[in-house]
Amino acid sequence: MLEDPLLLARLQFALTAATHYMFVALTLGLAPYLLATQLVAALRGDRSRTTAVRFWGGLYLVNYGMGVLSGLVMELQLALNWSGLHGMFGYTFAAPLALETMTAFFVESTFLGLWIFGWDRMGRWAHLACFAVVTATAYASAWWVLVSNGFLRNPVGFEMVDGVAHLTDPVALMTNPAAVLAFGHIVTGSLLVGALVVAATSAYHLVRRDDAHGVFRRGIRHATLVLCVVPIPVAAFGGVQFGLFGQDPPTSGLTYTAEEIAAIEAAHPGGPLLEAANTAGDLVMMTSWALVFLLGPLMLLAWPLGGLDRWRWFLAPLVVTPFLPYLASVGGWVFRETNRQPWTVVHHLTTADAVTPLSPVAAVASFGFFTAAFAALAAVTYWLLVRYARRGPEGGPLAEQRTQPPEGPAEPGGSAVPVHTY
C-alpha cells in the first residue's frame with residue numbers, strides 16, 4: 001500500500017472527507033433546533049428557552065469552529081492531491097466550491113460572529129435574524145458542495161473545449177438529480193444527527209436529575225418527534241438514489257467513446273479492497289439507519305409513561321446513540337463514492353488521471369500529515385463537545401455571566417434562573 005500513491009490519495013481523501021462531514025452533519029442538525037428555540041424565546045420572552053439557546057449554541061459554536069478548520073484543510077488537500085481533476089474540470093466542478101467558500105467563510109461566519117457577540121448588544125429580533133442568516137447559509141453551503149459532488153456522478157451542463165470542460169448550463173448543474181436527491185438525503189440525515197446529540201446530552205442530565213431550566217426535558221421531546229418523523233424522508237431520498245446509481249450519465253460530449261469506456265472499466269476493476277469497502281459501507285449504513293428508525297417509536301411509547309424524564313434504565317443507553325447516525329452517514333458516503341469507481345467524473349475522467357503525480361515518499365508524507373491533522377481535530381472536538389455538554393447550561397462557552405442576584409428559583413427545589421435581556 002505504501003508504494004501506491006493512488007491508493008494512498010484515495011484513503012486520505014476518504015478519511016478527511018468522513019471526518020469533515022461529522023462536523024457538517026451536526027451543524028446542519030443543530031441549527032434548525034436552535035433557531036426555533038430562539039424564535040420561541042423571542043416571542044414569549046422566555047428566560048428558560050434563552051438559557052437553552054445559550055447552551056446548545058455553545059455546542060454549535062465549538063463544532064462550527066472545528067468544521068471551519070477541517071474545511072480549510074480539505075480544500076488544501078483537494079488542491080494538492082487532485083490536480084488532474086482541477087485541470088480538466090476546474091471551471092465546472094470547482095465553481096460551486098468557490099460559491100460555497102464565499103457563503104461559509106464570509107456570510108455565515110460574519111453573521112455567526114454577530115450572533116455570538118450580539119447578546120445584550122442588539123435587539124432580540126435583530127439577534128434572531130443573525131442566526132436565521134447563519135442557518136440559511138449553512139444549508140446553502142451544503143447545497144453548493146453537493147452540486148459539485150453530484151456533478152462527479154452525473155456530469156451535466158458543460159462542453160469540452162480543447163480538453164477542458166466549460167460550464168454552459170448553470171441551471172442544469174444546479175438541478176442535477178444527483179445533487180438534489182443527495183441534498184435531501186443529507187439534510188434529513190443531519191436532522192437525525194442533531195436530534196440524537198440533543199437526546200444523548202438531555203438523557204445524561206436527566207439521569208442525574210439536573211434540569212432546573214427544563215432545557216433537557218424539552219430537548220428529549222424534540223428528539224423524539226424528529227426521530228418519529230424524519231426517518232421516512234431519509235429512507236425515501238436514499239432509496240431513489242439507488243436507482244440513480246444504476247443509470248449511465250448523459251452521453252453528450254463524452255471524453256471517451258463507448259468502446260473506450262468499456263475498455264477502461266474492464267482494465268481498472270474495483271478490486272477486492274474497493275468491493276469490500278463498497279459492501280461494508282452499504283452494510284454499515286443500512287444497519288445503523290435501521291437501529292435509528294427503531295428509536296423513535298420506542299421513545300414515543302415511553303413519553304406518556306414518564307420514561308423520557310424518569311426511567312434511568314431507558315435514558316442511559318441514549319447517551320451513546322449519536323454514533324449510529326454518524327456511522328450511517330459515513331457508510332453512505334463510502335458506498336456512494338466507491339460506487340462510481342474507476343471514475344472521478346463518470347465517463348470523462350478516471351481516478352488515476354485525476355490524482356496529482358506523486359512519488360511514493362511524497363504520497364506517504366501527505367497521507368501521514370493530513371491523517372494526523374484530522375485525527376487531532378476530531379479528538380479535540382469530541383473532547384470539547386463532551387466537556388461542555390456535561391457541564392450543562394451554567395458552564396458552556398456562551399453561558400451567561402450573572403451581574404446581579406438571580407430572580408428566584410425556576411421550580412421548587414431547582415436552581416435559580418439567570419437574568420437576561422429577553
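Side-chain atoms are counted along with the backbone in the values below, which use heavy atoms only and exclude waters and symmetry mates.
Using a distance-only test at 3.5 Å, with no hydrogens or angles considered, no donor-acceptor pair links the side chain of Arg218 to the main chain of His222. A donor-acceptor pair is defined here as one N or O able to donate and one able to accept, closer than 3.5 Å; such a pair exists between the side chain of Ser148 and the backbone of Phe93. At distances below 3.5 Å, not a single donor-acceptor pair connects side-chain atoms of Asn176 with backbone N or O atoms of Val156. A donor-acceptor pair under 3.5 Å links the side-chain atoms of Thr37 to the main chain of Tyr33, judged by distance alone. Under a 3.5 Å cut-off, the side chain of Arg124 and the backbone N or O of Ala42 do form a donor-acceptor pair. Of the possible donor and acceptor atoms, one in the side chain of Ser70 sits under 3.5 Å from a partner among the backbone N and O of Gly67. Judged by distance alone, with hydrogens and angles left aside, the side-chain atoms of Thr356 form a donor-acceptor pair with the main-chain N or O of Leu80 at under 3.5 Å. Without hydrogens or angle criteria, Tyr388 side chain to Gly395 main chain gives no donor-acceptor distance under 3.5 Å. A distance-only check finds no donor-acceptor pair linking the side chain of Thr287 to the backbone of Val284 [under 3.5 Å]. Asp211 contributes a side-chain N or O that, together with a main-chain N or O of Val215, makes up a donor-acceptor pair within less than 3.5 Å.
Between Asp309 and Arg217 there is no salt bridge, since no side-chain nitrogen of the basic residue lies less than 4.0 Å from a carboxylate oxygen of the acidic one.
When the shell of 6.0 Å around CZ of Arg208 is examined, it contains 12 or fewer heavy atoms from other residues, nucleotides or ligands. Applying the 6.0 Å contact sphere to CD1 of Ile232 captures no more than 12 heavy atoms from other residues, nucleotides or ligands. Heavy-atom neighbours of Phe111 CZ from other residues, nucleotides or ligands within 6.0 Å: at or below the threshold of 12. Within a 6.0 Å sphere centred on CZ of Arg390, other residues, nucleotides and ligands contribute 12 heavy atoms or fewer.
Val198 places a side-chain heavy atom less than 4.5 Å from the side chain of Leu30. Contact of the Asp169 side chain with the Val171 side chain is registered, since non-hydrogen atoms from C-beta on lie closer than 4.5 Å. Side-chain contact between Tyr60 and Phe131: present, with at least one pair of heavy atoms (C-beta onward) separated by less than 4.5 Å. The closest side-chain heavy-atom distance from Ser190 to Val24 is not below 4.5 Å. Taking 4.5 Å as the limit, some side-chain heavy atom of Glu75 sits within range of a side-chain heavy atom of Glu100. The shortest distance between side-chain heavy atoms of Leu192 and Leu227 falls below 4.5 Å.
With sequence neighbours left out, the ring-ring contact (aromatic ring centres under 6.0 Å, His included) criterion links Phe151 to Phe89, Phe158. By the ring-ring contact (aromatic ring centres under 6.0 Å, His included) test, Trp311 is found to be paired with Trp313, residues two or more places apart in sequence or in another chain being considered.
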Under the side-chain contact (heavy atoms from CB on, under 4.5 Å) rule, what do Trp125 and Leu39 come out as? Steps first, then yes or no, please.
CA-CA 9 Å; Trp125 298 111; Leu39 175 60; 4.1 Å; yes
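Side-chain N/O atoms of Thr351 and Gln341 include a donor and acceptor closer than 3.5 Å.
For Trp119 and His127, the distance between ring centers is under 6.0 angstrom.
The two residues His205 and Arg391 come nearest to each other via the heavy atoms CE1-C, 4.2 Å.
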